[in-house]
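Heads up: the structure comes next, in structure tokens.
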Amino acid sequence: MSNTVSWRPKASDIPTRPGVYRWRDERGRVLYVGKAKNLRQRLSNYFAPLPSLHERTRRMVLTARSVEWTVVGTDIEALQLEYTWIKEFDPPFNVKFRDDKTYPFMAITLADEAPRVMVSRNTKIKGAKYFGPFPKIWAVHDTIDLMIKVFPIRTCSDSSYKKAMQTGKPCFPGQIGRCGGPCSGRVTIEEHRKIVDEFVRFMGSYDRKVIAERQRLMKVAAEEFRYEDAAKYRDQVGALEAVLEKSAVVLRDSVDLDLFAVSEDELAAAVQLFTVRGGRVRGARGWVLDKEIDISTGDIVEQALQDVYSKGGELPREIVVPTLPDDAEALETWLSELRSGSSSDGRVRGRVQLHTPQRGDKANLMQTATLNAAQSLMLYKTKRSADFATRSTALADIQEALGMHDAPLRMECYDVSHLQGTNIVASMVVFEDGLPRKDQYRRFSIPTSTDDTESIYQTLTRRLARLDDELAPVEEVGEQRKRFAYRPNLLIVDGGQPQVAAAQRAMDDLGVTGIQLAGIAKRLEEIWLPDDDFPVILPRNSDALFLIQRIRDEAHRFAITFQRQRRKRDIATQLAEIPGLGATRVAILLKHFGSVARLKKATAKDIAEVKGIGPTLAGSIVTALGTAAESDGGTAAESDDDAAGDALSDEPTSGDG
């Protein structure tokens with residue numbers, strides 16, 4: 001393979017000014033659009049030696065047959081031109097944001113003669129004002145029901161409104177008290193417009209002055225013995241308070257901001273947007289995207305902001321992001337111009353500020369949004385692998401890519417977990433027909449091991465030793481069929497060439513043949529086969545790679561869970577065996593010292609200071625923990641010699657820890 005592509009332009013021909021570049025294939029199709037402050041410096045990164053490029057970037061460069069650029073005057077112009085060309089050419093290697101679901105909004109049709117409030121998933125109604133998005137459609141209906149008690153505006157359909165205005169007979173929703181428009185016969189068009197303005201103003205600000213004013217009117221009405229009016233104001237106050245209670249208070253009342261969070265892996269990313277107005281979370285929205293090329297978190301943030309606000313999204317003064325993009329200053333200027341434009345003297349009004357939270361309430365909110373993004377990413381990947389047609393395609397693609405005779409209907413994946421070389425454990429997870437079989441997950445204890453490759457060798461040796469049992473009739477092996485079920489088509493190990501070589505050594509030592517072996521290296525998501533110098537590269541947005549990645553992630557999760565359980569169980573068991581130290585005192589000890597490591601380092605004097613622990617008991621604790629630490633290796637080795645257990649966790653496991 002050549003070090004770079006043959007058609008590379010001369011470095012001296014590429015300008016050093018800001019600009020936008022386009023990669024094209026042999027048919028002239030635009031593959032990728034990007035921008036740069038210095039075109040020569042940015043493009044030289046793509047023309048680095050091919051082996052040094054990220055796998056997906058290398059694939060794009062090898063697919064392309066030319067690159068062209070356009071010089072612009074400023075970074076802001078580059079930002080705008082890049083977005084324009086992405087929308088125009090829809091390049092396959094640029095990221096595409098897809099809503100992880102269709103969100104309902106509350107829409108006010110302000111362009112109508114008598115504006116109407118309704119639930120809508122269409123965000124392109126001309127002249128409409130939107131509030132949300134809401135997580136569930138019933139949440140929008142509940143909010144509308146409460147709001148029209150205070151601000152009775154039109155809720156009927158356009159056809160009902162037109163018929164009512166022509167005939168002079170109130171619309172049906174108006175007859176039952178569900179519509180407050182002019183079609184109900186209670187207000188004029190001008191009066192209705194004023195009520196609509198109040199409705200929009202409150203939904204846009206959640207100003208508690210509206211509630212305070214109605215409380216004042218309620219008291220005045222009560223003092224004047226107008227009890228029916230007082231009851232009406234009381235109900236309105238209750239309705240407004242209920243609307244406020246439906247929005248979580250997270251920041252000060254004066255804070256308006258949009259917060260973006262990102263959760264990502266090598267193949268995909270999820271973006272979560274929390275809309276905060278008046279210190280309350282007014283809406284949440286999410287997107288997922290496949291990474292067609294190597295892209296940083298800052299680039300994801302930048303493209304998310306472009307995608308959201310270029311479509312007319314409401315812009316606050318403050319936008320909180322997990323990482324500032326490289327062109328943060330230019331992006332702030334562009335967003336500020338979108339928000340309020342420039343005055344005649346050239347100064348920008350309504351400056352938009354981008355920043356990352358370091359501590360406090362905003363950092364806590366960022367953590368919550370990131371958890372939501374991580375959940376969305378997990379659901380996205382799970383849905384892709386759960387669909388029957390998708391699973392069938394993925395299994396067929398894996399069979400073809402790995403050169404297998406049959407589809408991998410049963411796959412087993414192995415991962416190793418340890419804490420600085422101690423408490424070494426391994427996991428085995430099973431997928432059949434592309435779905436997890438959690439009842440067949442298994443956990444291995446590794447007594448002694450020099451590194452991950454040795455641990456993989458030991459784990460596979462124990463597992464593969466049972467293949468002969470599985471070939472025997474069920475009545476001859478009793479519980480063994482329940483423990484391992486069937487012979488796998490494909491064994492996957494978490495790691496690259498060294499781990500695959502260790503697994504192959506285990507298979508060779510036991511004389512096992514007829515099972516495909518592969519490893520997945522996390523950094524570039526490459527598939528390694530035994531004795532191959534180059535990895536198998538699956539298309540990065542393929543269902544096959546998603547399925548392999550999912551089984552690898554599940555093995556990793558299961559191994560870590562078991563390793564943590566062992567650490568916790570070990571210390572709890574050791575302490576519980578000390579006379580006079582019950583479960584309550586064990587909990588107090590662990591809470592006082594904060595961690596097992598600190599407890600083991602504590603002296604008898606330190607432990608004696610804990611409430612309920614005297615000097616004698618403290619001495620026993622120090623002695624017990626010291627003895628246990630010295631004998632850990634021997635105990636583990638003895639359990640490994642148990643022929644029935646083979647250092648396996650033989651108790652039934654649900655697969656979730």
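Predicted model, so just to flag it, every value in this text is computed and none were measured. Note that the numbering runs from 1 along the sequence shown for the chain. Computed over heavy atoms, backbone and side chain alike; hydrogens, waters and symmetry mates excluded.
The number of heavy atoms from other shown groups lying within 6.0 Å of CD (Glu213) is above 12. Within 6.0 Å of atom CD in Glu228, 12 or fewer heavy atoms from other residues, nucleotides or ligands are found, so the atom counts as exposed in its surroundings. Counting heavy-atom neighbours within 6.0 Å of Arg178 CZ, excluding the residue itself, gives a total of 12 or less.
For the pair Thr109 and Asp158, the minimum side-chain heavy-atom distance is 4.5 Å or more. No side-chain heavy atom of Asp256 sits less than 4.5 Å from a side-chain heavy atom of Arg317. Between Phe260 and Leu305, the closest side-chain pair of non-hydrogen atoms falls below 4.5 Å. Taking 4.5 Å as the limit, some side-chain heavy atom of Val262 sits within range of a side-chain heavy atom of Val301. Residues Thr74 and Pro18 are not in side-chain contact: their nearest non-hydrogen atoms beyond the backbone lie 4.5 Å or more apart. At a threshold of 4.5 Å between non-hydrogen side-chain atoms, the residues Glu332 and Gln353 count as touching. Counting heavy atoms from C-beta on, the side chains of Arg154 and Val196 never come closer than 4.5 Å.
Expressed to the nearest 0.5 Å, how far CD of Glu318 lies from CG of Asp258 amounts to 10.0 Å. Annotation: the span from Lys611 atom NZ to Ile588 atom CD1 amounts to 7.5 Å, rounded to 0.5 Å. Between Arg550 atom CZ and Leu435 atom CG the span is 7.0 Å, to the nearest 0.5 Å. Distance NE2/His355 to CG/Leu257: 7.0 Å, rounded to 0.5 Å. Atoms CD and CG, from Gln306 and Leu338 in turn, are 10.0 Å apart once rounded to the nearest 0.5 Å. Atom CD1 of residue Ile108 and atom CE of residue Met118 lie 9.0 Å apart, to the nearest 0.5 angstrom.
When all heavy atoms of Val200 and Phe131 are compared, the closest pair comes out as O-CZ, 3.8 Å. Heavy atoms only, all atoms of each residue included: Ala114 and Pro182 are closest at CB-CD, 3.7 Å. Shown here for Met218 and Ala230, the closest heavy-atom pair between the two residues is CG-O, 3.4 Å. Here the closest non-hydrogen pair linking Ser263 and Thr370 is CB-O, 4.3 Å. Nearest approach of Ile295 to Glu264, heavy atoms of both residues: O-OE1, 4.4 Å. Minimum interatomic distance between Val321 and Pro357 (heavy atoms only, all atoms of both residues): O-CD, 3.7 Å.
Asp606 meets the salt bridge (Lys or Arg N to Asp or Glu O under 4.0 Å) test with no other residue; sequence neighbours excluded. In this structure, the salt bridge (Lys or Arg N to Asp or Glu O under 4.0 Å) partners of Lys87, at least two apart in sequence or on a different chain, are Asp307. Looking at residues two or more places apart in sequence or on another chain, you find a side-chain contact (heavy atoms from CB on, under 4.5 Å) between Met147 and Thr143, Phe151, Phe199, Phe202, Met203, Leu240, Val243.
Because its NZ or CZ atom is not both nearer than 6.0 Å to the ring centre of Tyr161 and within 45° of the ring axis, Arg116 does not count as a cation-pi partner of that residue.
In this structure a side-chain-to-backbone donor-acceptor pair under 3.5 Å is missing from Asn94 to Asp90. In this structure, the side chain of Tyr130 does not engage the main chain of Ser120 through any donor-acceptor pair within 3.5 Å.
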Going through the distances and angles, do Val352 and Ile319 end up as a side chain to side chain contact (heavy atoms under 4.5 Å, CB included)?
-> CA-CA 7 Å; Val352 175; Ile319 298 176; 3.8 Å; yes

List the steps and the verdict of side chain to side chain contact (heavy atoms under 4.5 Å, CB included) for Arg214 and Val150.
-> CA-CA 10 Å; Arg214 277 163 173 74; Val150 186; 3.4 Å; yes

Exercise answer: donor-acceptor pairs, residues 77-85 side-chain atoms, under 3.5 Å, sequence neighbours excluded:
unit_1	atom_1	unit_2	atom_2	d
Glu77	OE1	Gly73	N	3.0
Tyr83	OH	Ser310	OG	2.5
Thr84	OG1	Gln80	O	2.9

Indicate every side-chain donor-acceptor pair of residues 322-331 with a distance under 3.5 Å to a residue at least two apart or in another chain.
unit_1	atom_1	unit_2	atom_2	d
Asp327	OD2	Lys35	NZ	3.3

Which atom pairs, one a donor and one an acceptor, fall under 3.5 Å between side chains of residues 162-175 and the rest of the protein, sequence neighbours left out?
unit_1	atom_1	unit_2	atom_2	d
Thr167	OG1	Lys163	O	2.9
Thr167	OG1	Lys169	N	3.2
Gln175	NE2	Pro170	O	2.9

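One finds a salt bridge joining Arg557 and Glu554 here, because a Lys/Arg side-chain nitrogen approaches an Asp/Glu carboxylate oxygen to under 4.0 Å.
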